[in-house]
There are 2 protein chains.
Amino acid sequence: MQKGQIMERPLLEEIHDRLDEFTATERKAAHALLANYPMQGLGTVAQFADAAGVSSPTILRFVGRLGFPGFADFQKRLRQELENQLNTPLARSSAMESGPAQSDDPLVEQLVENVRETFEHLPKGELAGMIKLLADEKKTLHMIGGRFTDALARYMAAHLRIVRPNVNHVAGQQGNWLDQLIGIGPKDVIVVFDIRRYQNEIIRFAEAAAKQGATVTLITDSWMSPIGKIASFVLPARVAVPSPWDSSAALMAIAEVLIAGVTRENAERSQQRMQALEDLRNAHDPENDGEHRL
Amino acid sequence: MQKGQIMERPLLEEIHDRLDEFTATERKAAHALLANYPMQGLGTVAQFADAAGVSSPTILRFVGRLGFPGFADFQKRLRQELENQLNTPLARSSAMESGPAQSDDPLVEQLVENVRETFEHLPKGELAGMIKLLADEKKTLHMIGGRFTDALARYMAAHLRIVRPNVNHVAGQQGNWLDQLIGIGPKDVIVVFDIRRYQNEIIRFAEAAAKQGATVTLITDSWMSPIGKIASFVLPARVAVPSPWDSSAALMAIAEVLIAGVTRENAERSQQRMQALEDLRNAHDPENDGEHRL
DNA sequence: GCAATTCTGTAATAAAAAATACAAACGTTA
DNA sequence: TAACGTTTGTATTTTTTATTACAGAATTGC
């Protein structure tokens, strides 16, 4: 079917969406371009062809199918897109202040150092074991966090929900939490984010869950959280920075390593689910050409 | 694939410094290039000449004087520079390909490196300006994020809400978002977290807010977010890691630096509000033994 | 398993763009 | 102001690059 020629949509997206309209070699060209977008398109046809492992005419046919009369027009479009993005505050700053200029802010230094040290001291066994546990889809996962760390629980749940079933984020008010305790048993795994000051409600939730047979895992700022006593796996992170606040950057980093680990642990399933979700999104996404003016 | 080529300093700088070595018309060429760097150099010689108001040979002499054997070499250099900025310099090539590497997980290495590099390249002016803006309590702040980055918006809002009034997290469904647009005007500041793939709804929200006079700020993965065009401040972070997911750790780190900055910017007010909140908590929740770091 | 169709690369051709030669214009100095 | 050196554009040549024609390969349908 013929889509309306919306010239404003990024070429990147259009190529992505129309990937299956192309022939096998044209798709190789598309992938080469997407992999190094948009620079790959700004050289010569021959360079492009070489990088994609196809012949020059295939490149020409590819851009032709995208709707460009010639390669030059295609390049013009790419340059146009780049130019539009380049005249932004970001472009100004990143181009101008290109000096290395190590950060002199002690907060920044400490924060970066925290992330690095966290992994340096992270017990490998705990990490591997926890990944394996979280990858087991027969278990139901429940993420929970405190006042600030709730955002991390949410973040982790949003990702894991994509690569595996049975992922729950224990959100909302405390009363709500207790409701969710009802169904929890040996087949459940609780992932707790808990840094000082350790909130009583979370501690109680974790203890209750453990009592009902659930496996409790903990991502925390030290081994000091009371939950550590009942947790099967504990991952400690550095959180102290010269500020009234603790830093959650290292916690976030741990969460991401866990997410990546679970994804990798069962790559095919993850791949399938991601693809299925992608299809669903495309199917549901109405052609958004209507502009919303308010 | 990164060649052993030494990363010389940006051509932009060199041209700027050597501006008076050039002849009058060559300088016109230089200015045309600087005015639209580097896109102006990526077209044909004739286009370049036309834009600069000089003849083609002058362009050739200009690039010749810069030390390039031919125009093609000059373009190659420009493309190289762009590519280095578009992709993370280290991520795509070195981390992905060299499998064995250190004893450490390459994902972890890249993640830590991302956080470090993010701050190395973070434009100081943008950061300082943004902190000042966010510290202005006459403004109302609205945090918004995408599928995954919503957690960051939430996290940031949770913190800022403590140290200053008028902080809002634009949460929930899209329909909801539009409702919140109603009251937005020049006294509002939108903080957008947006990494690829950039979600249309968020873009529309930011655009609409900007149209109504609000100040838009952006924390993103590169200069490619369309919101960059309308944003007053843009803070870019490294997000690429060897995983199907992008890493938000650096985004989180930026958020924390902003939070700390705002807290510091108005230390007394922050102190007062934190104390007041503490008192409230103790009054309402006697179980909590009020240890609090400040 | 064969025919028809589609796809793809090789090689030739056409188009363009870069590079060059040269003369006019300009500026500088005697 | 005249003569010299430098700078600059026009016109031409040379080279590169895009494009096209066509035949062999691969795929699809019957």
Side-chain angles (χ1 to χ4, degrees), chain A residues 1-2 11 15 17-83, chain B residues 11 15 17-83:
Chain A
M1 84 179 57
Q2 177 100 349
L11 203 55
I15 294 172
D17 286 352
R18 295 177 51 187
L19 260 183
D20 42 5
E21 290 182 25
F22 303 125
T23 69
T25 49
E26 281 166 16
R27 212 167 299 134
K28 284 171 86 174
H31 279 129
L33 176 60
L34 293 178
N36 187 6
Y37 186 89
M39 302 319 297
Q40 191 57 257
L42 292 176
T44 69
V45 173
Q47 288 168 335
F48 191 168
D50 202 45
V54 301
S55 69
S56 295
T58 296
I59 300 297
L60 276 309
R61 283 188 282 261
F62 167 63
V63 303
R65 195 171 306 244
L66 279 174
F68 296 96
F71 193 72
D73 307 83
F74 166 72
Q75 288 191 321
K76 201 168 161 190
R77 167 68 176 276
L78 288 180
R79 262 186 275 121
Q80 190 64 46
E81 278 190 6
L82 256 182
E83 186 175 338
Chain B
L11 202 55
I15 294 172
D17 287 353
R18 296 176 49 187
L19 216 48
D20 43 5
E21 289 180 27
F22 303 126
T23 69
T25 49
E26 281 166 17
R27 214 168 297 136
K28 284 171 85 175
H31 279 129
L33 176 59
L34 293 178
N36 187 6
Y37 185 89
M39 303 319 295
Q40 192 56 258
L42 292 176
T44 70
V45 173
Q47 288 169 335
F48 192 167
D50 202 43
V54 301
S55 68
S56 295
T58 297
I59 300 297
L60 275 308
R61 283 188 282 261
F62 167 63
V63 304
R65 197 172 304 245
L66 279 174
F68 296 96
F71 193 71
D73 306 84
F74 167 71
Q75 288 192 320
K76 201 167 159 190
R77 166 68 176 275
L78 288 180
R79 262 186 272 120
Q80 188 69 43
E81 279 190 5
L82 256 184
E83 188 175 338

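Chain letters run A, B, ... following the sequence lines, proteins first and then strands; every chain starts at 1. No hydrogens, no waters, no symmetry mates; every other heavy atom, side chains included, goes into these values.
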Does the side chain of [X] reach to within under 4.5 Å of the side chain of [Y], using non-hydrogen atoms?
X       : Y       : value
B:His31 : B:Leu19 : yes
A:Val54 : A:Phe62 : no
A:Gln47 : B:Arg79 : yes
A:Phe74 : A:Ile59 : no

Mind calculating the distance between [atom1] ([X]) and [atom2] ([N]) to the nearest angstrom?
X       : N      : atom1 : atom2 : result
A:Phe48 : D:dT19 : CZ    : C1'   : 16 Å
B:Lys28 : C:dC26 : NZ    : P     : 13 Å
A:Phe62 : C:dG9  : CZ    : P     : 14 Å
A:Asp73 : C:dA15 : CG    : P     : 16 Å
A:Gln75 : C:dA15 : CD    : P     : 19 Å
B:Asp50 : D:dG9  : CG    : C1'   : 14 Å
A:Gln47 : D:dA18 : CD    : P     : 8 Å
A:Ile59 : D:dT20 : CD1   : P     : 16 Å

May I ask you to say what A:Ala72 touches in the nucleic acid, namely base, sugar-phosphate or nothing, with a heavy-atom cut-off under 4.0 Å?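 Answer is nothing: A:Ala72 stays at 4.0 Å or more from every strand.
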
Whether A:Arg65 and A:Glu21 form a salt bridge (side-chain N of Lys/Arg under 4.0 Å from carboxylate O of Asp/Glu) is what I want to check.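 Salt bridge absent between A:Glu21 and A:Arg65.
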
Considering only side-chain heavy atoms of [X], which listed nucleotide, [options], is closest?
X       : options               : answer
A:Val45 : D:dA18, D:dG9, C:dG9  : D:dA18
B:Ser55 : D:dT10, C:dA18, C:dG9 : D:dT10
B:Phe71 : D:dG9, C:dA18, D:dT20 : C:dA18
A:Pro57 : C:dC7, D:dA21, D:dG9  : D:dA21

Can you check whether [X] has a side-chain N or O nearer than 4.0 Å to OP1 or OP2 of [N]?
X       : N      : answer
A:Ser56 : D:dT17 : no
A:Thr25 : C:dT8  : yes
B:Thr58 : D:dT8  : no

